[in-house]
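Remarks on the structure that follows.
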Amino acid sequence: MRPLPLTHPGTADHRSPGRFLWWMARGQWRTLVVAMLFGIVWMGTQAVMPAVIGRAIDAGVAGRDLRTLAAYAGLMLVIGLVQAGSGVVRHRYAVTNWLTAAYRTVQLVGRQTTRLGGSLPRQTSTGEVAAMGTSDLEHLGHVMDVLARFAGAIVSFVLVAVILLQTSVTLGLVVLVGVPLLVLLVGPLLSPLQRRSGAQRELMGSLSNTASDIVAGLRVLRGVGGERVFADRYARESQRTRRAGVEVARLQSVLDALQVFLPGVFVVVVVWLGARYAVAGEISAGELVAFYGYATFLMIPLRTATEFVNRLIRARVSAQRVITFLALEPEHVDAAGGATPEAPPVGSDLVDARSGLQVRAGTMLALVGERPDETAALAERLGLTTPARDAAVTLGGVPLVALPLAEVRRRVVVSDTGSALFSGRLRDVLDVTGHGDVEAALTTASAQDVVEALPEGLDTVVTERGRSFSGGQRQRLVLARVLALDPEVLVLVEPTSAVDAHTEAAVAARLRDHRRGRTTVVTTSSPLLLDAVDEVAYVRGGRVVASGRHRDLLASVPDYRLTVTREDLEEVAPR
């Protein structure tokens, strides 16, 4: 499947649902045109069939001409075969159009998700993205599916009207005026249906988000006894969504009923008029049969037209949600135009002017703070993963914000406590580049026992977000993954907070050797890790107020000793 070009979300193609749908249709115009052509042939053959039957009755049956009757019978056979063949091809292309529209929507959402990167959770919810990947793509696919039948409905309607006008001007005018009038009668339902569908779509996204939150935090909820609270919350939101769905269904049921009732009334009117003309001798028996066939057939294009309008309304609601998502901008983008500075050489110092932090190339430095959120925020700033564009962080004297984002992501990697494992084979999950040293990374992260306990070792398939592992196991595997990546600068946020002291000691002893010659920053207050690093920077109020070796800071900086050892200052103060 040829992917759609992802144009900038601010262009005219994405400003309105109508333009977005037109842009989507333009991207698959070849299959749409083929489907519409076969849809016209398929429905056109049905439209001319009553005329052939009427002629067969008048010329063959009424005229007692077997040869003429046989000729018309053969013509009906040919028309039936053409109708069957074109119907099969039309359906195949209709399904192709559905799948193309649906999965190109997936491509767009997937690319935008990648483009937003770490800023995605801060700009939209998981439930909203999940709803786009389920209900929205379905509605966008449906409107492309029904388009072929709608084209056939329009052409067949015109064809029938022309035939009827040639036979009876009155009946022809009834068709020409009556069919559009019936379509207009359902117009007042369309605006409320669109409004209610939009409200239901909003609630569905919120409900999906609540469900994903519950699943992600189920273990914590069980630990604190909060399962019932969140279950009740989900039940309330579910009921609101259900009620919104019922409101949509009420209008939808009326619309569906009108799709049957109005064409039925129309058939009765046309047949009644035709019967009167037949009794008066103005039309023949064959023409009366043909009129009945036309009236019955016209129910198909009428229902197709109302179905198309219904699908279009739902597609516009979904398109609005998609273009709103596409309009989101990542927090960090490469500067358009302008000269990009030359990338600093490998082995450059990492400096944050705002906090006064300086990380010498090739060293292992620990960040310790009175408030862990301060050091975590500093770590995120070092990797350019915060919303603000801050030129204070430089690599080799070059601001990170001035470098291409891909260059920053390649050279500086931040692994925080929120990092998760993806689904898939464990070997592929840990070795994201395909050429990392997984065995050495597992040894350093002290995670060999986790792999050995799995039934298929590194070939075991990891469940969603690695939920089959305990918190400590998952943390060690996340550490192994980032160590296998082996970036030039690695920033680790509390990498051993969920492991026991024995495992932490093993990780601390191996991490420095594993990262020897490359820059590593670790935020931690663990004495085991602090004793293994080259330098410790003590942060207070967002500034580095002291730096040096761990043991030296313990002896010379009371606040640092208090932060690390959790002792009361009065107990350790000299008497």
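Every heavy atom of this structure was used, including side-chain atoms; hydrogens, water molecules and symmetry mates were not. We number each residue from 1, following the sequence as shown.
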**OP:** Please list, chain by chain and in numerical order, all residues satisfying side-chain contact (heavy atoms from CB on, under 4.5 Å) with V461, sequence neighbours excluded.
**Re:** none
Subject >> Contact summary for G436 and D431, nearest pair of heavy atoms >> reply: N-OD1, 2.9 Å
Subject >> Full working for salt bridge (Lys or Arg N to Asp or Glu O under 4.0 Å) between R115 and E329 >> reply: CA-CA 8 Å; R115 180 170 175 261; E329 286 290 342; 3.0 Å; yes
Using a 3.5 Å distance criterion without hydrogens, assess whether the side chain of [X] forms a donor-acceptor pair with backbone atoms of [Y].
X: E488; Y: V412; result: no
X: R104; Y: G27; result: yes
X: T385; Y: R381; result: no

Original post:
Looking just at side-chain N and O atoms, do R242 and Q239 make a donor-acceptor pair shorter than 3.5 Å?
Top reply: yes
Do other residues, nucleotides or ligands put more than 12 heavy atoms under 6.0 Å from [X] [atom1]?
X: Y93; atom1: OH; answer: no
X: F157; atom1: CZ; answer: yes
X: R92; atom1: CZ; answer: no

**OP:** Output the distance between atom OG1 (T460) and atom CG (L426), rounded to the nearest 0.5 Å.
**Re:** 6.5 Å
Subject >> D136 with R321: basic N within carboxylate O range, under 4.0 Å >> reply: no
Original post:
Do the charged groups of R311 and E307 touch, with an N to O distance under 4.0 Å?
Top reply: yes
